[in-house]
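Since the structure comes first, as structure tokens, the remarks are kept for the end.
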Amino acid sequence: VQLVESGGGLVQPGGSLRLSCAASGFTFSRNAMGWFRQAPGKEREFVAAISWTGYNTDYSDSAKGRFTISRDNAKNTVYLQMNSLKPEDTAVYSCARSTYKDLSPRQSYDYWGQGTQVTVSS
């Protein structure tokens with residue numbers, strides 16, 4: 001299993017970024033996927049998740065209304081569109097493979113990518 005993130009970078013407050021996570025080594029369409037982030041000195045936190053079909057999504061309170069998770073099963077890729085970025089969104093963003101097909105209160109993740117740095121600063 002391999003998960004490779006891309007699309008991070010430096011952006012001004014209020015700007016947008018689109019992160020991508022290319023998956024390989026498993027049948028991508030059989031797993032829900034998630035995005036997480038970790039800021040310096042802080043614990044990793046959940047950002048968003050999407051079911052295997054893409055029909056169901058879930059967001060953290062901080063992401064709701066600003067971020068959109070999506071997936072393209074034909075391209076084995078999950079995306080995170082981030083709008084209205086704030087300095088507090090600065091973190092390393094990683095995608096992860098869920099052990100479930102759909103979203104579940106017992107959601108767990110078994111594989112993680114290396115992450116891509118997002119820096120929001122003027």
Side-chain angles (χ1 to χ4, degrees):
V1 174
Q2 191 172 18
L3 301 171
V4 180
E5 301 91 342
S6 62
L10 173 64
V11 62
Q12 292 187 342
S16 299
L17 280 176
R18 188 195 195 201
L19 306 184
S20 299
C21 171
S24 61
F26 66 103
T27 304
F28 179 72
S29 60
R30 293 182 180 175
N31 294 80
M33 298 292 294
W35 281 99
F36 292 77
R37 68 185 184 186
Q38 187 166 20
K42 294 187 177 181
E43 293 189 355
R44 183 170 58 198
E45 64 172 346
F46 168 78
V47 176
I50 188 166
S51 65
W52 64 298
T53 60
Y55 291 158
N56 295 318
T57 58
D58 187 28
Y59 296 92
S60 66
D61 287 343
S62 62
K64 211 168 291 184
R66 299 188 299 129
F67 295 2
T68 302
I69 188 171
S70 62
R71 67 189 294 160
D72 186 338
N73 286 345
K75 295 183 178 180
N76 289 353
T77 302
V78 60
Y79 305 97
L80 185 67
Q81 176 67 44
M82 304 187 295
N83 299 329
S84 303
L85 283 162
K86 306 173 182 179
E88 51 263 43
D89 294 317
T90 296
V92 175
Y93 285 71
S94 301
C95 65
R97 187 184 81 164
S98 172
T99 57
Y100 288 79
K101 293 179 69 173
D102 214 332
L103 302 186
S104 167
R106 301 184 302 276
Q107 202 81 21
S108 63
Y109 298 85
D110 57 0
Y111 288 94
W112 301 80
Q114 291 296 313
T116 184
Q117 175 70 46
V118 172
T119 302
V120 184
S121 175
S122 55

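Hydrogens, waters and symmetry mates are skipped; everything else that's a heavy atom, side chains included, is used.
- Looking at Ser62 and Ser60, their side chains do bring a donor and an acceptor atom within 3.5 Å of each other.
- In this structure, CD1 in Ile69 is found 11.5 Å from CG in Asn56, a value given to the nearest 0.5 Å.
- The distance from atom SG of Cys21 to atom CG of Asn76, rounded to the nearest 0.5 Å, is 10.0 Å.
- Nearest approach of Ile50 to Leu103, heavy atoms of both residues: C-CD2, 3.8 Å.
- Residues Ser108 and Tyr100 have side chains in contact (heavy-atom distance under 4.5 Å, counting atoms from C-beta outward).
- When every heavy atom of Gly115 is checked against every heavy atom of Ser94, the shortest pair comes out as CA-OG, 3.5 Å.
- Using a 4.5 Å heavy-atom cutoff, the side chains of Lys75 and Ser20 are not in contact.
- Using a 4.5 Å cut-off on side-chain heavy atoms (C-beta onward), Val11 and Met82 make no contact.
- The shortest heavy-atom contact between Ala48 and Leu80 is CB-CD1, 4.2 Å.
- From Lys64, atom NZ reaches atom OG1 of Thr57 across 9.5 Å, with rounding to the nearest 0.5 Å.
- Of the N and O atoms on the side chains of Ser98 and Asn31, not one donor lies less than 3.5 Å from an acceptor on the other residue.
- Between the CG atom in Asn73 and the OG1 atom in Thr53 there is a gap of 8.0 Å [rounded to 0.5 Å].
- In this structure, the side chains of Thr116 and Ser6 stay at 4.5 Å or more apart for every pair of heavy atoms.
- Looking at Gln117 and Thr90, their side chains come closer than 4.5 Å, going by heavy atoms from C-beta outward.
- Looking at heavy atoms from C-beta onward, Val92 lies out of side-chain contact with Glu5 at the 4.5 angstrom threshold.
- Annotation: side chain of Arg97 is in contact with side chain of Met33 (closest heavy-atom distance under 4.5 Å).
- The backbone N or O of Ser84 sits less than 3.5 Å from a side-chain atom of Arg66, completing a donor-acceptor pair.
- Counting non-hydrogen atoms of neighbouring residues, nucleotides and ligands closer than 6.0 angstrom, the CD atom of Gln114 reaches no more than 12 such neighbours.
- Sorted by first and then second residue, the pairs that involve residues 42-91 and meet ring pair (Phe, Tyr, Trp, His ring centres under 6.0 Å), not counting sequence neighbours, are Phe36-Phe46.
- Residues Val78 and Leu17 share a hydrophobic cluster, clusters being chains of Ile/Leu/Val/Met/Phe/Trp/Tyr side chains in contact below 4.5 Å.
- In the displayed structure, Lys42 atom NZ is contacted under 6.0 Å by at most 12 heavy atoms of other residues, nucleotides or ligands.
- Summarising the geometry of Leu19 relative to Trp35, their closest heavy-atom pair is CB-CH2, 3.7 Å, with the distance given to 0.1 Å.
- Between the CD atom of Glu43 and the CD atom of Gln38 there is a distance of 8.0 Å, given to the nearest 0.5 Å.
- When all heavy atoms of Tyr93 and Val47 are compared, the pair lying nearest together is CE2-CG2, 4.3 Å.
- The shortest distance between side-chain heavy atoms of Phe26 and Leu3 falls below 4.5 Å.
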